[in-house]
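Let me begin by presenting the structure, written as structure tokens, before commenting on it.
Lettering of chains follows the sequences in order, A, B, ..., and the numbering in each one begins at 1.
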Amino acid sequence: MAERIFGHIPNVYEGDNFENRLTLSHSKVHRPTQAGISGSQKEGADSIVLSGGYEDDQDLGDVIIYTGHGGRDPDSKKQVANQILSDKNLALAINCQNGLPVRVIRGASHKSQFSPEFGYRYDGLYKVVKYWKKKGKSGFNVWLFRLEKIDTDKSLGFEVKEDAPEYAKTTRTTVIQQRINRDYSLTIRVKEIYNFHCQVCNTKLFTNAGFYAEAAHIKPLGEPHHGPDTLDNLLCLCPNHHVMFDFGGFMIDDDFTLVGLDGKLTVKPEHQINKDFLRYHREHFTI
DNA sequence: CCCCCAAATGAT
DNA sequence: ATCATTTGGGGG
């Protein structure tokens with residue numbers, strides 16, 4: 001299977017139109033030819049289509065209340081059963097918990113003032129800010145997802161000038177894209193290595209969407225630290241210890257002894273941690 | 001690998 | 001409306 005791309009697809013811009021689901025699929029913007037949600041419960045959802053099939057959808061433009069899938073009679077298309085938080089619905093929940101963007105495509109059959117007249121239109125990136133269960137118009141439970149539009153360029157710390165040449169935009173999009181995806185797959189990997197247990201306290205949190213942990217960079221990414229997005233610069237932490245680590249609440253010695261907290265960092269053999277990054281963290285974040 | 005699904009599509 | 005066909009993806 002081709003790698004799932006989160007965020008914009010290189011060379012595709014907001015407002016681009018597609019004749020039908022097949023051309024949309026070939027563009028990589030939304031790969032499934034029928035399903036409304038593209039994603040997996042492990043990685044999250046990379047794109048959704050609004051096609052007007054679900055009566056509990058609400059399209060307010062920059063805010064969308066999107067109904068999960070399932071529970072419909074294949075012939076009548078009516079809700080005939082409760083939806084459950086699994087498969088693609090779970091994928092959207094993963095986006096919410098991990099702050100992953102989802103591409104939104106509106107189809108002409110979706111009846112709203114924001115729908116295109118014909119075919120399908122790529123409408124940019126949204127974040128999943130909340131999800132909940134509700135009794136839908138049919139009387140059966142549906143899962144709803146609140147999507148809010150994000151300004152990609154600003155949220156990534158880039159200011160793409162209106163008059164920038166196309167080639168520059170393209171290159172930048174590609175570079176940003178590759179970075180997001182590489183970093184995200186490593187995030188999944190470090191969590192899997194520790195099976196979502198915090199390396200500091202061994203806590204394993206669970207939610208209605210499964211287990212929850214955070215991947216923490218030892219030497220921070222970006223300005224001015226320029227830490228790399230590599231496995232040897234990542235830790236699997238619970239949210240509390242992630243916050244403490246980022247804000248210098250504790251340090252980690254070269255032998256993994258914790259400074260400021262009792263005990264030692266749990267480290268698996270398949271996870272080589274670069275001690276230079278531990279040193280960098282000690283030097284720059286200790287009181 | 002096989003099986004099944006899916007907010008589609010095109011023809012009756 | 002309904003039917004058959006289609007295609008990519010996900011999961012076991």
Side-chain angles (χ1 to χ4, degrees), chain A residues 1-7 9 12 16-61 63-95 98 100 102-126 128 131 133-134 136-147 181 184-185 188-189 192 209-211:
Chain A
M1 185 192 65
E3 189 194 5
R4 188 179 308 289
I5 296 177
F6 287 90
I9 301 296
V12 178
D16 281 1
N17 290 285
F18 302 88
E19 202 175 334
N20 53 41
R21 285 294 295 266
L22 223 45
T23 53
L24 182 63
S25 176
H26 292 151
S27 75
K28 313 287 184 199
V29 173
H30 185 76
R31 296 184 297 175
T33 50
Q34 292 186 214
I37 304 172
S38 167
S40 73
Q41 52 186 33
K42 176 180 159 185
E43 301 169 291
D46 57 322
S47 60
I48 60 161
V49 174
L50 285 145
S51 302
Y54 284 81
E55 59 197 4
D56 295 296
D57 281 355
Q58 273 183 272
D59 188 0
L60 309 173
V63 174
I64 298 168
I65 308 300
Y66 187 77
T67 311
H69 81 130
R72 300 200 321 164
D73 180 84
D75 298 324
S76 70
K77 310 291 185 193
K78 302 272 185 210
Q79 288 298 138
V80 293
N82 290 330
Q83 290 186 348
I84 50 175
L85 190 58
S86 67
D87 301 321
K88 312 303 172 94
N89 296 346
L90 201 45
L92 281 169
I94 296 297
N95 283 54
N98 293 290
L100 295 166
V102 64
R103 289 183 297 277
V104 168
I105 298 97
R106 286 187 174 87
S109 56
H110 166 66
K111 297 305 170 204
S112 98
Q113 57 174 307
F114 306 102
S115 314
E117 201 172 343
F118 305 105
Y120 296 85
R121 186 187 63 224
Y122 175 46
D123 280 345
L125 303 179
Y126 284 68
V128 183
Y131 64 92
K133 184 178 73 177
K134 185 191 155 187
K137 291 179 177 166
S138 64
F140 293 100
N141 288 338
V142 291
W143 280 90
L144 297 174
F145 299 85
R146 181 186 172 95
L147 312 179
N181 281 323
Y184 180 57
S185 60
I188 292 178
R189 215 158 113 212
E192 281 180 345
F211 299 112

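- Taking the ring centre of A:Y184 as origin, the terminal cationic atom of A:R4 falls outside the region bounded by 6.0 Å and 45° from the ring axis.
- Among A:V102, A:D46, A:V49, the one residue that satisfies the side-chain contact (heavy atoms from CB on, under 4.5 Å) test with A:S38 is A:D46.
- Stem analysis of DNA chain C (Watson-Crick or G-U pairs, both distances under 3.5 Å, runs of at least three) returns B:1-6 with C:7-12, B:8-12 with C:1-5.
- Comparing C:dG10, C:dG9, B:dA8 by their nearest atom to the side chain of A:P32 picks out C:dG9.
- In this structure, the side chains of A:K133 and A:L85 stay at 4.5 Å or more apart for every pair of heavy atoms.
- Side chains of A:V12 and A:F18 form a contact here, defined as non-hydrogen atoms less than 4.5 Å apart.
- Within the 4.0 Å cut-off from OP1 or OP2 of C:dG8, not a single side-chain nitrogen or oxygen of A:R31 is found.
- When side chains are defined from C-beta on, A:L125 counts as touching A:R103, because their heavy atoms get closer than 4.5 Å.
- Atom-to-atom, NE2 of A:H69 to C1' of B:dA7 comes out at 11 Å; the value is rounded to the nearest Å.
- By the 4.5 Å heavy-atom criterion applied to side chains, A:V29 and A:D16 are not counted as neighbours.
- A:S109 comes within contact range of no nucleotide atom at all, as no heavy-atom separation falls under 4.0 Å.
- For A:Q34, taking side-chain heavy atoms from C-beta onward, the closest of the listed nucleotides B:dA7, B:dA8, C:dG11 is B:dA8.
- In this structure, the CG atom of A:D46 is 11 Å from the C1' atom of C:dG9, given to the nearest Å.
- Here the C1' atom of nucleotide B:dA7 and the OH atom of A:Y120 are 8 Å apart, to the nearest Å.
- Computed from coordinates, the A:N89 CG to B:dA6 C1' distance equals 13 Å when rounded to whole Å.
- Within the 4.0 Å cut-off from OP1 or OP2 of C:dT6, not a single side-chain nitrogen or oxygen of A:R21 is found.
- Summarising the geometry, the separation between CG on A:L90 and P on C:dG10 is reported as 13 Å, rounded to the nearest angstrom.
- To the nearest angstrom, P of B:dC5 lies 14 Å from CD1 of A:I84.
- Regarding A:I48, its CD1 atom lies at a distance of 17 Å from the P atom of B:dA6, rounded to whole Å.
- At the heavy-atom level, A:G39 lies under 4.0 Å from the strands shown only through sugar-phosphate atoms.
- Under the salt bridge (Lys or Arg N to Asp or Glu O under 4.0 Å) criterion, the residue pairs touching residues 48-61 of chain A are A:D59-A:R106, with sequence neighbours excluded.
- In this structure, the nucleotide among B:dA6, B:dA7, C:dG9 sitting nearest to the side chain of A:R4 is C:dG9.
- One interatomic measurement links the two molecules: CG of A:D73 to P of B:dA7, which rounds to 12 Å at whole-angstrom precision.
- Contact annotation: side chain of A:N20 to base of B:dA8, donor-acceptor pair absent below 3.5 Å.
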